[in-house]
Amino acid sequence: MNDSNHGGSSGPQQGSRYVPPHMRTRSDNPRSNGRGGGSSSNWTASSDHAQRSDSWQSSRSDYGRSGGWNDRGYSNRPNFYERGSYGGKYSRGDQEYMPRRDESQGYWKNGVHHIAPRNPRIEHDLFGAPEDNDRQHTGINFEKYDDIPVEASGTDVPEPVTQFTSPPLDQHLLGNVDLARYTTPTPVQKYSIPIVEAGRDLMACAQTGSGKTAGFLFPLLSKLFSDGPIANLPPQDMNKPSYLRNRKAYPSVIILSPTRELTCQIYDEARKFAYRSWVRPCVVYGGADIGQQLRQIERGCDLLVATPGRLVDLIERARISLSQIKYLVLDEADRMLDMGFEPQIRRIVEKEDMPGVQDRVTLMFSATFPRDIQFLARDFLKDYIFLSVGRVGSTSENITQKIEYVEDEDKRSVLLDILHSSELGGLTLIFVETKRMADVLCDFLLSQNFPATAIHGDRTQRERERALDSFRNARTPIMVATAVAARGLDIANVGHVISYDLPTDIDDYVHRIGRTGRAGNTGAATAFFNRGNKGIAGDLIDILKEANQEVPSWLESIVRENRMYSGGKGGRGRGRGGFGSRDFRKYPQQGGGGGSGGDNWYRGNNSGGYPAPDMYNSYGGGYGRGSNPVAVQYQNKTSWF
DNA sequence: AAAAAAG
């Protein structure tokens, strides 16, 4: 039922096979021993360690031979690898050896960034096979994204960059960017790079699909690479036995994200770009063995990607200190608030030992910019740059949206029709509203001999990761999902998104269809609509029109008839026509539900000037009037990494 | 109303 139960009876079997992606090391993969679950004894652990060092020694000797290893075409940056090539500096007897790092880890000493030698196996793990262009899908078609409109506001907005170059980016980071085959910065990245470089705070209305993960990772890691760790870190004396050591980790970066899968995804990206550097990324999230995560952290943790609940847990256990934080990133902030994380987030940011707003750089990302996000921005950010990123054009062009009227009892057979008629190739993602339905439908599909899996919050973390994995690599090209997979998740090659049940929130719908139609590809999105969904009909029509899609006439009439009764809710002030979210410091707010033009609660800021920080103080607590005064942005999410 | 997340 719950992951913790697996640790007991069934733990050994499952634990021996499954190693979460971020825990995998070179020698973990072929682990054939039946032991090795979370509860395995110290004996197993230490013998593991011995094996690891052995295999390490042997692979290390490979470095001398350049073989085919250097033939991978890094010609554009010939100097990059010279520093990191295997040399005599880095040996066990040497003073510079830092035991808390393994050999694939760089280190910082006396103001110099020592880059670790390259490691073919890790490189393959992180970046894929060099010739495998399909798997390595990042970096394609970026040119296409030049059209995405970006609007930046705030004081002294730095000029956007146009290329990945050094400066402003660190040379080592550029090498990793090359390895990951990112060629051209996306619009978010063009802006975020100089903004973070300048040490400014950022509030960005953008989604994963816009390249925002790299958008914050690049400049932030780049700065860390050049600046090094904070000097006054309490020294870790690794010669002491572990029980006498300070077991707290002092990360420089915290990245918070709402779901476990998203957290893992960000972590995977971080690993790529932190490769061989002194920065060691870690990831913590609920539902997984905390002991394993603690051990990871103990080995060094400079950049931590976390879900809020687990992070609070670790702080309480005094295993994480926030006192050295230089960068705080809140990803999918609106989603985190929706999920009720505000208390945890406020606790982490305001009530623990994290440096104050003035003493850290804070980056906030959010698909929408409703009022509670504005308040969060007010409290967490200083003199920030507001970035509004337009849709990645493919919502309108690349994704064919279709709304079908299907009664609940007919849904199954219509679904089967669709699945039978669709040609092989792309993945099919089916969204349902309840966890129960996800299981029921998945079971039904299996009984009909469709290779399906399901992902939802009642499954264990292991099951979730397995499901996602088997979907990604097309072992089960059909996946039934709840809202857990609607946003942010990057699943390549999804050809068809089916909203078996429509969500009640149009944002969710938009996020769902954004799982398909990736860069350069076309996608299909089908939704089953019936009377139960009439609440979303109006918004749905808006979306369809905006995306130049066919609007069924029956849908129009449902809306008309709906308006008769509801007295015309007249939309919720969503910004149509490209840009949605606006810098509320600059623009007058659009009317919310009541609409009586009384939304100028921030008063007197139409001049485009930057508001004084205390502008909010005049506002007191009475902001309950009106609803949702802020335009919401619909942006496609063709995630490409 | 359901889902997600800390256990």
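Fair warning: this is a prediction, and the values are worked out from it, not measured in the lab. Just so it is clear: chains get the letters A, B, ... in the order the sequence lines come, proteins before strands, and each one is counted from 1.
Picking from B:dA5, B:dA4, B:dA2 the nucleotide with the shortest atom distance to the side chain of A:Phe341 gives B:dA5. The nucleotide whose nearest atom lies closest to any side-chain atom of A:Tyr285 is, among B:dA2, B:dA6, B:dA4, B:dA6. Among the nucleotides B:dA6, B:dA2, B:dA4, the one closest to any side-chain atom of A:Thr434 is B:dA2.
The side chain of A:Thr482 places an N or O atom within less than 4.0 Å of a non-bridging phosphate oxygen (OP1 or OP2) of B:dA4. Residue A:Arg310 places none of its side-chain N or O atoms closer than 4.0 Å to OP1 or OP2 of B:dA4. Look at A:Thr307 and you'll find a side-chain N or O under 4.0 angstrom from OP1 or OP2 of B:dA6.
In terms of the side chain to side chain donor-acceptor pair (under 3.5 Å) criterion, residue partners of A:Asp379 (sequence neighbours excluded) are, by chain and number, A:Arg346.
For the residue pair A:Gln344/A:Arg310, the side-chain donor-acceptor check at 3.5 Å is not satisfied.
B:dA6 atom P lies 9 Å from atom CD of A:Gln461, rounded to whole Å. The nearest whole Å value for the distance from the CG atom in A:Leu311 to the P atom in B:dG7 is 13 Å. Computed from coordinates, the A:Leu502 CG to B:dA1 P distance equals 19 Å when rounded to whole Å. Between the CG atom of A:Asp334 and the C1' atom of B:dA4 there is a distance of 14 Å, given to the nearest Å. The CE atom of A:Met339 sits 12 Å away from the C1' atom of B:dA6 (whole-angstrom rounding). Atom CG of A:Asp439 is separated from atom P of B:dA3 by 11 Å (rounded to the nearest Å).
Ring geometry for A:Trp554 versus A:Tyr405: interplanar angle over 60°, hence perpendicular rather than tilted (30 to 60°).
Within 4.0 Å (heavy atoms only), A:Arg464 reaches sugar-phosphate atoms of the nucleic acid but no base atom. Backbone-only contact: A:Pro258 has heavy atoms under 4.0 Å from sugar-phosphate atoms and none from a base.
Residue pairs meeting the salt bridge (charged side-chain N to carboxylate O under 4.0 Å, His left out) criterion with at least one member in residues 435-445 of chain A, sequence neighbours excluded: A:Lys435-A:Asp458.
With ring centers used as reference points, A:Phe386 lies under 6.0 Å from A:Phe369.
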